[in-house]
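Comments concern the structure below.
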2 protein chains.
Amino acid sequence: MLAIGRLSKDSGVKIPTIRYYESIGLLPPPVRSEGNRRMYPPEAVRRLRFIRHARELGFEIDAIRRLADLAQDPAQPCCEADLLARRRLIEIEEKISRLAAQRDELVRMIGDCTHGRIEECRVIDTLDDHAKCLHARH
Amino acid sequence: MLAIGRLSKDSGVKIPTIRYYESIGLLPPPVRSEGNRRMYPPEAVRRLRFIRHARELGFEIDAIRRLADLAQDPAQPCCEADLLARRRLIEIEEKISRLAAQRDELVRMIGDCTHGRIEECRVIDTLDDHAKCLHARH
DNA sequence: GCTACAATCTCCAGTCACTGGAGAAGCAAG
DNA sequence: CTTGCTTCTCCAGTGACTGGAGATTGTAGC
């Protein structure tokens with residue numbers, strides 16, 4: 001049985017975050033010691049690492065809840081996990097293309113900047129008039 | 001003088017958002033009509049469009065506050081605006097590379113997936129064991 | 001046993017940039 | 001004068017934490 005500090009170190013998840021995950025039902029409430037401290041079984045480390053890894057890939061808590069449930073049940077078909085992953089992938093690709101459009105626009109603004117006064121500043125000027133900007137998705 | 005609904009339509013910023021911008025001091029409080037309605041001068045449209053455009057490029061409110069102040073004062077040097085834009089550009093590039101790493105990882109997970117049972121699911125399996133994943137920044 | 005000090009507890013407020021609902025009041029047209 | 005639209009203020013919720021206050025509990029050394 002591990003105390004929360006130990007679990008935190010072993011899993012790489014901060015203590016308040018572990019308590020938060022418990023409060024939203026993502027991590028099952030552990031047993032308590034006599035003095036009311038949370039005492040975790042060793043499997044908790046794995047569960048938390050799973051969660052952390054999924055968070056690092058940008059999955060939302062709800063998706064992770066599903067993914068973690070599926071991981072518990074090895075006989076289930078894997079199509080739902082697959083779907084969740086594909087959905088996340090699409091999200092990522094949309095985000096990247098939005099960011100790429102922003103980047104292109106900023107590069108153009110900065111590149112054009114004459115480093116003089118505001119009145120001739122391309123950065124301010126472009127912000128001021130959307131028409132002066134590539135109508136890219138941003 | 002424009003009522004808030006008109007300003008909202010002309011600027012493309014929602015009514016509650018306009019009120020929010022006023023509450024945080026990003027948009028100066030307009031005069032009020034006898035019946036306590038906000039009445040905006042025509043310049044408000046431009047200011048709000050400026051803000052909206054900057055938000056679309058992902059600038060934070062604090063940065064926009066500075067940018068909008070600079071735009072008011074055309075005699076100022078443009079280096080600060082330039083710096084703010086460069087900073088945002090760096091942020092974007094970091095975000096893109098983080099997302100690209102996530103994307104690569106997900107593509108690998110999904111591609112490997114045999115579409116069978118969870119026990120052999122590469123998606124779940126990879127989440128379960130970080131060591132099985134490219135140690136890319138994600 | 002006593003004293004530090006570390007670890008943990010609960011509760012609550014704050015982050016960021018909105019968003020939307022409730023309930024009241026004002027305003028224009030028919 | 002009524003109907004319906006717009007606007008008003010206030011407040012709570014979003015997602016996923018994060019951190020502080022103040023109280024307890026546990027542990028190590030003396």
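- Comparing atom distances between the Pro16(B) side chain and each of dG19(D), dA16(D), dG20(C) picks out dG20(C) as nearest.
- For the pair Glu22(B) CD and dT9(D) C1', the computed distance is 12 Å after rounding to whole Å.
- Atom CG in Leu48(A) sits roughly 16 Å away from atom P in dA16(D) (whole-Å rounding).
- Of the possible donor and acceptor atoms, none in the side chain of Arg86(B) sits under 3.5 Å from a partner among the backbone N and O of Ile90(B).
- Distance, Arg19(B) CZ to dA17(C) C1': 16 Å, rounded to whole Å.
- The CG-P distance, from Leu2(A) to dT8(C), rounds to 11 Å in whole Å.
- Straight-line distance from the CD1 atom of Ile4(A) to the P atom of dA7(C): 13 Å, rounded to whole Å.
- Contacts with DNA chain D (heavy atom under 4.0 Å) in residues 25-41 of chain B: Arg32(B), Asn36(B), Arg37(B), Arg38(B), listed by number.
- Met1(B) and Ile4(B) are members of different hydrophobic clusters when ILVMFWY side chains are connected at heavy-atom separations under 4.5 Å.
- In this structure, Glu60(B) atom CD and dT15(C) atom C1' are separated by 11 Å, rounded to whole Å.
- Phe50(A) is listed as a side-chain neighbour of Ile124(B), based on a closest heavy-atom distance under 4.5 Å.
- For Tyr21(A), a side-chain nitrogen or oxygen approaches OP1 or OP2 of dC17(D) to under 4.0 Å.
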### Task
Begin from the C-alpha positions of Glu22(A) and Arg19(A) and carry the test salt bridge (charged side-chain N to carboxylate O under 4.0 Å, His left out) through to its verdict.
CA-CA 5 Å; Glu22(A) 183 186 329; Arg19(A) 289 198 276 247; over 6 Å; no
### Task
Toss me the dot-bracket line for DNA chain C: Watson-Crick and G-U wobble, both under 3.5 Å, 5' to 3', using | for pairs to another strand and [ ] for crossers.
||||||||||||||||||||||||||||||
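- When side chains are defined from C-beta on, Ile64(A) does not count as touching Leu127(B), because their heavy atoms never get closer than 4.5 Å.
- Contact annotation: Arg55(B) reaches the phosphate of dC18(C) (side-chain N/O to OP1 or OP2, under 4.0 Å).
- Contact annotation: Thr17(A) does not reach the phosphate of dA16(D) (side-chain N/O to OP1 or OP2, under 4.0 Å).
- Among the protein residues, Ile24(B) comes within range of no part of the nucleic acid, since none of its heavy atoms lies under 4.0 Å from any strand.
- In terms of position on DNA chain D, the residue among Gly5(B) and Phe59(A) whose nearest nucleotide sits closer to the 5' end is Gly5(B).
- Panel note: side chain Gln102(A), backbone Glu56(B); a donor-acceptor pair is recorded below 3.5 Å.
- In this structure, Arg65(B) places its CZ atom where more than 12 heavy-atom neighbours from other residues, nucleotides or ligands lie under 6.0 Å away.
- Inter-residue side-chain proximity for Leu106(A) and Arg88(B) is flagged as met; some heavy-atom pair is nearer than 4.5 Å.
- Between Asp62(A) and Arg66(A) there is no side-chain heavy-atom pair separated by less than 4.5 Å.
- If you measure from atom CG of Asp62(B) to atom P of dT15(C), you get 11 Å, rounded to the nearest angstrom.
- Straight-line distance from the OH atom of Tyr20(B) to the P atom of dT7(D): 21 Å, rounded to whole Å.
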